[in-house]
Novice: 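Below is a structure I'd like to ask you about.
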Amino acid sequence: QTRNTPIVEVSLSGHLSEQELRRLTLNLETEILDLAGVASVARKGMREPQIWVEVDPEKMATHDIALSHVMRMLADRNVNIPGGLLKEGETERLLRTSGELENVSDVQGVMLRANEEGNWVKVHDISKVSNRFEELKVLQRTDGSRAMNLLVVKKDRADAIRLTENLKELIHAFQEK
């Protein structure tokens, strides 16, 4: 049985920033998934980006804002909810309410409190907001450098030899770019 058989593990490494290595790995993954005979690609060593909010307890106390309030306001702004279906004749459109916080600036601008004088307290007034990556669980290395790996799984009826040859050609062309 050759169903869901991993046939090749491709490693990307080098003296690159984590963001650049991640970008290249995602681009290669997309190209690999377009090859005939590829069932899936599993990522190894790739951390997901996160936006971190590090609150300053003294600034929170100055503005009389509790951590639970900050968490609730951020959660309330970070939603992506199906809103239903809009039908126009034969056309149907999916409606969504999207308030996702996508970058540091979005998070910094979340309003926590306003008063009658028009003074606003926003997340950036009480915290440091930054881009980070999730905590590293397993460190992948190739030739001593940090690496991100792609484990290529073939379809059950795909020719493993032909797919491996096609992968080699694709990877060679990718390296030339």
Side-chain angles (χ1 to χ4, degrees), residues 1-54 71 74-75 77-86 90-110 123 127-177:
Q1 180 90 359
T2 60
R3 179 174 298 216
N4 295 331
T5 304
I7 60 167
V8 173
E9 186 164 352
V10 179
S11 181
L12 287 88
S13 67
H15 300 290
L16 302 168
S17 69
E18 186 168 0
Q19 292 87 346
E20 183 63 12
L21 187 57
R22 187 175 199 286
R23 184 188 67 76
L24 290 170
T25 303
L26 291 172
N27 288 346
L28 181 57
E29 177 187 30
T30 300
E31 291 186 32
I32 290 172
L33 285 168
D34 287 341
L35 287 177
V38 173
S40 64
V41 176
R43 300 176 191 156
K44 295 168 68 178
M46 183 182 297
R47 302 188 298 167
E48 292 301 315
Q50 298 178 335
I51 299 174
W52 281 33
V53 178
E54 298 175 78
M71 292 170 58
L74 289 170
R77 282 284 312 275
N78 199 32
V79 295
N80 190 341
I81 304 169
L85 215 52
L86 176 63
E90 297 294 311
T91 305
E92 291 184 352
R93 294 187 182 162
L94 179 64
L95 301 176
R96 297 196 74 78
T97 300
S98 182
E100 291 186 9
L101 301 170
E102 296 180 3
N103 56 47
V104 168
S105 180
D106 289 347
V107 174
Q108 288 174 326
V110 171
V123 170
S127 66
K128 178 183 175 203
V129 182
S130 59
N131 285 312
R132 303 265 180 97
F133 286 98
E134 69 183 345
E135 185 177 321
L136 187 63
K137 294 171 183 74
V138 176
L139 178 62
Q140 299 286 324
R141 290 198 173 276
T142 300
D143 293 331
S145 295
R146 187 180 191 317
M148 293 182 189
N149 296 0
L150 298 172
L151 185 63
V152 181
V153 178
K154 76 174 200 66
K155 290 182 180 174
D156 59 339
R157 292 208 163 107
D159 182 331
I161 294 170
R162 180 174 292 127
L163 180 54
T164 301
E165 289 170 359
N166 290 343
L167 275 166
K168 285 180 183 178
E169 290 175 17
L170 174 76
I171 291 165
H172 179 73
F174 189 83
Q175 287 173 323
E176 297 295 316
K177 290 184 201 177

Novice: Distance check, rounded to the nearest 0.5 Å: Gln175 atom CD versus Leu170 atom CG?
Specialist: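 Interatomic distance, Gln175 CD to Leu170 CG, rounded to 0.5 Å: 10.0 Å.
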Novice: Can you check whether Leu101 reaches Ile51 side chain to side chain, under 4.5 Å on heavy atoms?
Specialist: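 Leu101 vs Ile51: side chains apart.
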Novice: If you count every heavy atom of other residues, nucleotides or ligands that lies below 6.0 Å from Ile161 atom CD1, does the total exceed 12?
Specialist: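 Count not over threshold, so no.
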Novice: For Val53 and Met71: C-alpha separation, side-chain torsions, deciding distance, then whether side-chain contact (heavy atoms from CB on, under 4.5 Å) applies.
Specialist: CA-CA 10 Å; Val53 178; Met71 292 170 58; over 6 Å; no
Novice: What heavy-atom pair brings Gly14 and Ser145 nearest, and what distance separates the two atoms?
Specialist: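 Smallest interatomic distance, heavy atoms only, reads N-CB, 4.1 Å.
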Novice: What do you reckon, is CG of Asp143 surrounded by more than 12 foreign heavy atoms closer than 6.0 Å?
Specialist: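 No.
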Novice: Working to the nearest 0.5 angstrom, can you tell me the gap between Phe174 CZ and Glu31 CD?
Specialist: 6.0 Å
Novice: With the side chain counted from C-beta on, respond yes when Lys154 and Thr164 share a heavy-atom pair under 4.5 Å apart, and no when they do not.
Specialist: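 No, every pair of side-chain atoms sits at 4.5 Å or beyond.
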Novice: Where is the tightest heavy-atom contact between Gly37 and Leu163, given as atom of each residue plus distance?
Specialist: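 Of all heavy-atom pairs spanning Gly37 and Leu163, the closest is O-CD2, 3.5 Å.
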Novice: For Ile7 and Ala160, which heavy atoms make the closest approach, and how far apart are they?
Specialist: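 So the two residues come closest at CD1-O, 4.3 Å.
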Novice: Checking the side chain of Glu134 only, and the main-chain atoms of Glu48 only, is there a donor and an acceptor separated by less than 3.5 Å?
Specialist: yes
Novice: Find out whether Leu35 and Val152 are in side-chain contact, i.e. whether some heavy atom of one side chain is under 4.5 Å from a heavy atom of the other.
Specialist: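 They are not in side-chain contact.
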Novice: Is it true that the side chains of Ser13 and Thr142 contain a donor and an acceptor less than 3.5 Å apart?
Specialist: no
Novice: Quick one: closest heavy-atom pair of Ser130 and Val104, and the distance?
Specialist: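 It is C-CG2, 3.8 Å.
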Novice: Inspect the contact between Glu165 and Arg162 and indicate whether a charged nitrogen and a carboxylate oxygen are less than 4.0 angstrom apart.
Specialist: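 The answer is no: the pair does not qualify as a salt bridge.
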Novice: Taking all atoms of both residues into account, what is the closest heavy-atom pair of Asp106 and Asn103, and its distance?
Specialist: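 Where Asp106 meets Asn103 most closely, the heavy atoms are N-OD1, 2.8 Å.
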Novice: Between Trp52 and Gln50, is any side-chain donor less than 3.5 angstrom from a side-chain acceptor?
Specialist: yes
Novice: Enter the distance from Leu167:CG to Leu28:CG here, rounded to the nearest 0.5 Å.
Specialist: 8.5 Å
Novice: Tell me if a side-chain donor or acceptor on Arg22 pairs with a main-chain N or O of Arg47 at a distance below 3.5 Å.
Specialist: yes
Novice: Measure the CG-CD distance between Asn149 and Glu9 for me, rounded to the nearest 0.5 Å.
Specialist: 4.5 Å
Novice: Look up atom CG in Asn166 and atom CD1 in Ile171, then write down how far apart they are to the nearest 0.5 Å.
Specialist: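 So the gap between those two atoms works out to 11.0 Å.
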Novice: Please name the pair of heavy atoms, one in Leu21 and one in Arg146, separated by the smallest distance, quoted to 0.1 Å.
Specialist: CD2-O, 3.8 Å
Novice: If we only count heavy atoms from C-beta on, is the Met46 to Glu29 side-chain gap below 4.5 Å?
Specialist: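 They are not in side-chain contact.
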